Amino acid sequence: MKVLGIETSCDDTGVAIYDSEQGLLINRFASQVDIHSIYGGVVPELAARDHIRKVMPLVEDALVGSGLGRKQLDAIAYTAGPGLVGALLVGATVGRSLAFALGVPAIGVHHMEGHLLSPMLENEAPEFPFLSLLVSGGHTMLVDVHSVGEYKILGQTRDDAVGEAFDKFAKVLGLPYPGGPSIEKSAKRGDSKRFKFPSPMAGHRTLEFSFSGLKTHAMLEASKYELDDRTRNDLAYAFQEAAVEALVTKCEQALEITGHASLVVAGGVGANRFLRERLRALCDSREVKVYFPSMELCTDNGAMIAYAGYLRLQSGQHEALGYSVQPRWSLEDLPAVTIDLD
Ligand code: KG4
Ligand code: ZN
């Protein structure tokens with residue numbers, strides 16, 4: 001089965017083709033960073049308009065790149081939520097229409113399920129069950145992944161997503177968007193001792209996260225200084241350290257509670273080297289195997305949508321002729337899937 005996957009939930013247009021025999025055939029991607037960078041964050045209407053411009057050329061590009069004709073596609077998977085409603089509607093409308101025109105089934109995929117299952121596309125795939133840490137500009141959550149469709153959210157953020165907090169604090173520091181990589185770069189030259197920010201939720205016996213308090217604390221601290229390069233780097237260091245500490249502490253608690261032997265990290269913040277080092281150290285000390293998907297599969301992409309769509313189609317699910325998107329949609333509301341992964 002060859003499934004075309006379309007991802008347009010936020011600011012990246014992703015199109016990919018997954019083949020059940022050969023694996024991932026192609027994974028194409030267009031970033032909107034240049035459009036949103038002057039605003040320091042994603043502008044929903046501009047995101048939707050750019051998806052309209054990019055999605056069909058990317059579909060064509062993916063077909064040409066994989067050497068397939070449209071008629072060789074067996075199904076279309078598109079992200080149906082959660083995400084920005086206008087952006088989601090672009091991918092859903094294109095996906096559903098394309099499937100209708102080709103006379104093949106269509107399936108609306110949960111964006112977070114795509115992230116959770118994306119490590120299965122790697123050569124070294126984790127085995128179920130595992131603990132997943134999803135960290136991006138839109139989400140921060142710990143999920144107990146038992147099998148396809150069987151997810152328990154152990155904790156998520158009460159306010160800002162961790163990537164969002166990185167982006168907002170970077171803006172205050174006058175660093176370029178997206179803020180995560182900018183803060184990481186700046187923090188590398190920072191003095192680890194000059195500032196200490198409290199790690200959010202550290203003392204709480206809950207697996208929930210909160211980043212708005214850290215963001216406000218960091219902003220107040222920054223407002224006390226002339227922001228020269230040295231102070232900027234030192235503040236970036238303290239912010240990154242406190243944010244990463246919060247993620248690592250909750251992962252440790254979640255590993256303790258679940259007893260899982262594998263931790264999978266997904267989402268754009270998973271690219272952060274400081275976070276990777278800290279998680280590696282934690283997992284080594286507990287004899288837990290840690291998986292960091294490649295950057296291509298870590299950030300928003302069409303491949304994860306094609307793959308999750310394939311698994312659900314294989315179990316007999318597909319959409320009726322109408323379609324809808326769900327800007328808010330819990331992972332726990334997904335139906336379980338019975339499939340044989342071998
Ligand atoms: O998964 P992603 O590409 O898109 C979604 O938000 O769904 O994640 C983007 C987020 C942004 O907030 C960005 O600042 C953050 O991931 N990010 C990082 C790093 N690279 C990207 N945060 C911290 N350190 C990084 N190296
Ligand atoms: Zn995402």
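Please read all numbers here as calculations on a predicted model, not as lab measurements. Just follow the structure's listing: the first ligand is 1, and inside any ligand the first atom is 1.
- With hydrogens and angles disregarded, a donor-acceptor distance shorter than 3.5 Å links the side chain of R96 to the backbone of A320.
- For atom 15 (C) of ligand 1, the closest non-hydrogen atom of the protein is V269 CG2, 3.8 Å.
- Residue F166 has no nitrogen or oxygen atom sitting less than 3.5 Å from a nitrogen or oxygen atom of ligand 1, judged on distance alone.
- The nearest protein atom to atom 18 (C) of ligand 1, hydrogens excluded, is given as G180 CA, 3.4 Å; this is a heavy-atom distance.
- Between the side chain of T8 and the backbone N or O of G91, at least one donor-acceptor pair lies under 3.5 Å.
- Cluster membership for V148 and M304, using ILVMFWY side-chain heavy atoms within less than 4.5 angstrom, is shared.
- Near T299, the atoms of ligand 1 lying under 4.0 angstrom from a non-hydrogen atom of the residue are 1 (O), 3 (O).
- Counting backbone and side-chain atoms alike, C10 contributes no N/O/S atom closer than 2.8 Å to the Zn ion (ligand 2).
- The backbone N or O of Y177 sits nowhere less than 3.5 Å from a side-chain atom of K171 that would complete a donor-acceptor pair.
- In the vicinity of G138, heavy-atom distances shorter than 4.0 Å reach the ligand 1 atoms 6 (O).
- In the vicinity of G163, heavy-atom distances shorter than 4.0 Å reach the ligand 1 atoms 12 (O).
- Side chains of L131 and L255 form a contact here, defined as non-hydrogen atoms less than 4.5 Å apart.
- N272 ND2, 2.9 Å is the protein heavy atom nearest to atom 24 (N) of ligand 1.
- The atom of H115 nearest to the Zn ion (ligand 2) is NE2, with the search restricted to N, O or S atoms.
- Taking 4.0 Å as the cut-off, C10 does not count as a neighbour of ligand 1 on heavy-atom distance.
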Kindly determine whether F130 and H260 satisfy ring-ring contact (aromatic ring centres under 6.0 Å, His included), including the steps that lead there. CA-CA 6 Å; F130 55 81; H260 288 333; 8.1 Å; no

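- In D300, the N, O or S atom that comes nearest to the Zn ion (ligand 2) is OD1.
- Residue E124 places its CD atom among 12 or fewer non-hydrogen atoms of other residues, nucleotides or ligands, all under 6.0 Å distant.
- Counted within 6.0 Å of OH on Y39, heavy atoms from surrounding residues, nucleotides or ligands total 12 or fewer; the atom is thus considered open.
- Nearest protein neighbour of atom 9 (C) of ligand 1, counting heavy atoms only, is G137 N, 3.8 Å.
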Would you sort out whether K250 and E245 count as a salt bridge (charged side-chain N to carboxylate O under 4.0 Å, His left out), showing the intermediate values? CA-CA 9 Å; K250 297 300 161 188; E245 184 63 32; over 6 Å; no

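- Using a 4.0 Å cut-off to heavy atoms of E184, the atoms of ligand 1 that qualify are 24 (N), 25 (C), 26 (N).
- Among protein heavy atoms, the minimum distance from atom 7 (O) of ligand 1 is reached at D300 OD2, 2.9 Å.
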One pair to check against ring-ring contact (aromatic ring centres under 6.0 Å, His included): Y237 and F239. What are the steps and the verdict? CA-CA 5 Å; Y237 187 97; F239 178 87; over 10 Å; no

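- Looking at H111 and the Zn ion (ligand 2) together, the shortest N, O or S contact belongs to NE2.
- Of all atoms in ligand 1, numbered sequentially from 1 with element shown, those under 4.0 Å from a heavy atom of D167 are 11 (C), 12 (O), 13 (C), 14 (O).
- Interface atoms of ligand 1 facing G268, defined by a heavy-atom separation under 4.0 Å, are 1 (O), 2 (P), 8 (O), 16 (O), 17 (N), 18 (C), 19 (C), 20 (N), 21 (C).
- Y225 carries R194 over the face of its six-membered ring, with the cationic atom under 6.0 Å from the centre and within 45° of the normal.
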